[in-house]
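The structure appears below as structure tokens.
Since the structure is predicted, the reported quantities are computational estimates derived from the model, not experimental observations. Counting from 1, the numbers follow the sequence of the chain as shown.
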Amino acid sequence: MNRTTQITRTSTVSSADGTPISYQTLGAGPDLIVLGGNLRTSQDYLPLASVLARSFTVHVVDRRGRGASGPQGPRYDLGKEVEDLLAVQEETGARLAFGHSYGGLVVLETARSSQVFERIAVYEPGVPVAPVPTHWMAPYRERLAAGDPYGAFAHFIRGSGGAPAFMAKMPHWYLRTVLRIGFRGPSWQRMRPLLEANLAEHEQLAAQHGRLALFADVTAPVLLLCGGRTRPASRAEFGVVRDTLPHATLESVPGLGHFGPEGKTAPLVAERTLRFLLR
């Protein structure tokens, strides 16, 4: 069977506040939870999961606010995400976890506070070392309220700190036009409904600055992956995260950027993860 066409089954579990959390399951073996990042659904991680499913029963979670899971809710914070992950962990019995970006932050925060995982792999986790830019958030919120998703997305691209320098320097109107042309089709259709959740999640990211030392409470071995094409400043910050975690190894994956666990490059990340989790 082709790795990317493995049969998945969908399940739902109730989080502590009653919010339904949906996840897709594929493969066979020890249970492993995959938790994705901002502006992503479980569908974006099926190529990764399909490779991991050679050795594991993989549960790919749709975090609240996406897919068949319930909304973020008016009291949304990082703690809600932890409760959601714990609900899936209790239902599946998974003792292994993989997290990407914001999902990596959720996995590490869960491991810090509950110690339910025996081994963890994270790819460029959203654990702030430096202050997170927030100046883009107000105009982003205004554009969303005005029904202008491309305008909101342009503010995010220019202001959040993750875009290439040439894009960050584009005038807003020009970048908005470029995005309208470049972002279409199924991927944009999955991303557009997540723009509001993206704002709430980045607000939570900003709120985590100053909490780095608390992650010294993570007792599980951690594989911390980053892309070889990721900016040197960001790679240096992942080094600080590695030094904070008591049992962490940092590896760079040549040729990849922040979105390495997705699409055609997902197998490269999956192979690194398999080597670590199968030790």
Side-chain angles (χ1 to χ4, degrees), residues 36-41 44 63-66 71-72 74 76-78 80-81 99-106 109 122-185 187-212 226-227 229-241 256-262:
N38 307 104
L39 297 172
R40 296 296 184 268
T41 72
D44 295 293
R63 293 192 294 102
R64 61 171 61 202
R66 65 209 71 214
Q72 287 182 329
Y76 173 78
D77 61 11
L78 181 61
K80 295 293 185 184
E81 297 274 5
H100 174 215
S101 192
Y102 189 80
L105 169 63
V106 176
E109 177 66 14
V122 289
Y123 188 99
E124 301 203 355
V127 179
V129 174
V132 174
T134 59
H135 62 277
W136 59 272
M137 294 182 179
Y140 180 100
R141 184 181 292 107
E142 291 172 1
R143 287 294 85 208
L144 282 184
D148 179 13
Y150 285 108
F153 195 40
H155 281 297
F156 172 64
I157 293 294
R158 293 177 75 236
S160 63
F166 77 93
M167 292 187 71
K169 293 178 181 178
M170 288 182 181
H172 179 270
W173 67 268
Y174 184 76
L175 179 57
R176 181 181 181 277
T177 301
V178 170
L179 294 174
R180 284 185 62 89
I181 296 171
F183 282 80
R184 297 180 179 180
S187 61
W188 175 249
Q189 294 306 314
R190 288 201 302 273
M191 187 184 298
R192 179 174 176 172
L194 304 177
L195 291 174
E196 187 171 346
N198 179 55
L199 177 59
E201 290 162 9
H202 275 82
E203 288 173 338
Q204 286 301 301
L205 279 174
Q208 303 314 306
H209 181 245
R211 299 183 67 247
L212 178 63
C226 69
R229 295 176 58 190
T230 295
R231 293 182 305 172
S234 295
R235 294 203 303 270
E237 291 184 354
F238 295 129
V240 175
V241 175
L256 301 192
H258 183 67
F259 301 107
E262 306 170 28

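- Centroid-to-centroid, the aromatic rings of H202 and F156 come within less than 6.0 Å.
- The neighbour count for Q208 CD, taken as heavy atoms of other residues, nucleotides or ligands under 6.0 Å away, is above 12.
- From R63, atom CZ reaches atom OH of Y102 across 6.5 Å, with rounding to the nearest 0.5 Å.
- For the residue pair M170 and R158, the shortest heavy atom distance occurs at O-NE, 2.8 Å.
- When all heavy atoms of Q72 and R64 are compared, the closest pair comes out as O-NH1, 3.1 Å.
- Sparse packing is recorded around CZ of R192, with 12 or fewer heavy atoms of other residues, nucleotides or ligands lying under 6.0 Å away.
- We find the OG1-CG distance between T230 and L256 to be 8.0 Å, quoted to the nearest 0.5 Å.
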Assess the residue pair R184 and Q189 against the criterion (side chain to side chain contact (heavy atoms under 4.5 Å, CB included)); give the C-alpha distance rounded to whole Å, side-chain angles, the decisive distance to 0.1 Å, and a yes or no.
CA-CA 7 Å; R184 297 180 179 180; Q189 294 306 314; over 6 Å; no

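- Heavy atoms only, all atoms of each residue included: S101 and G37 are closest at CB-CA, 4.1 Å.
- Counting heavy-atom neighbours within 6.0 Å of R229 CZ, excluding the residue itself, gives a total of 12 or less.
- In this structure, the separation between OH on Y150 and NE2 on H155 is 16.0 Å, given to the nearest 0.5 Å.
- A perpendicular orientation is assigned to the rings of Y123 and H100, their planes being inclined by more than 60° (bins at 30° and 60°).
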May I have the step-by-step check of side chain to side chain contact (heavy atoms under 4.5 Å, CB included) for Q204 and Y76, ending in yes or no?
CA-CA 9 Å; Q204 286 301 301; Y76 173 78; 3.8 Å; yes

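- Y174 OH to M167 CE: the interatomic distance, rounded to the nearest 0.5 Å, is 10.5 Å.
- Within the model, atoms OG of S160 and CE of M137 stand 9.0 Å from one another, a figure rounded to the nearest 0.5 Å.
- A pairwise comparison of heavy atoms in P128 and L205 identifies CG-O, 3.2 Å as the closest pair.
- Atom-to-atom distance recorded for E196:CD and L199:CG is 8.0 Å, nearest 0.5 angstrom.
- Using a cutoff of 4.0 Å between basic side-chain nitrogens and carboxylate oxygens, E201 and R66 are scored as salt-bridged.
- Using a 30° and 60° split on the angle between ring planes, F153 and W188 fall in the tilted class, from 30° to 60°.
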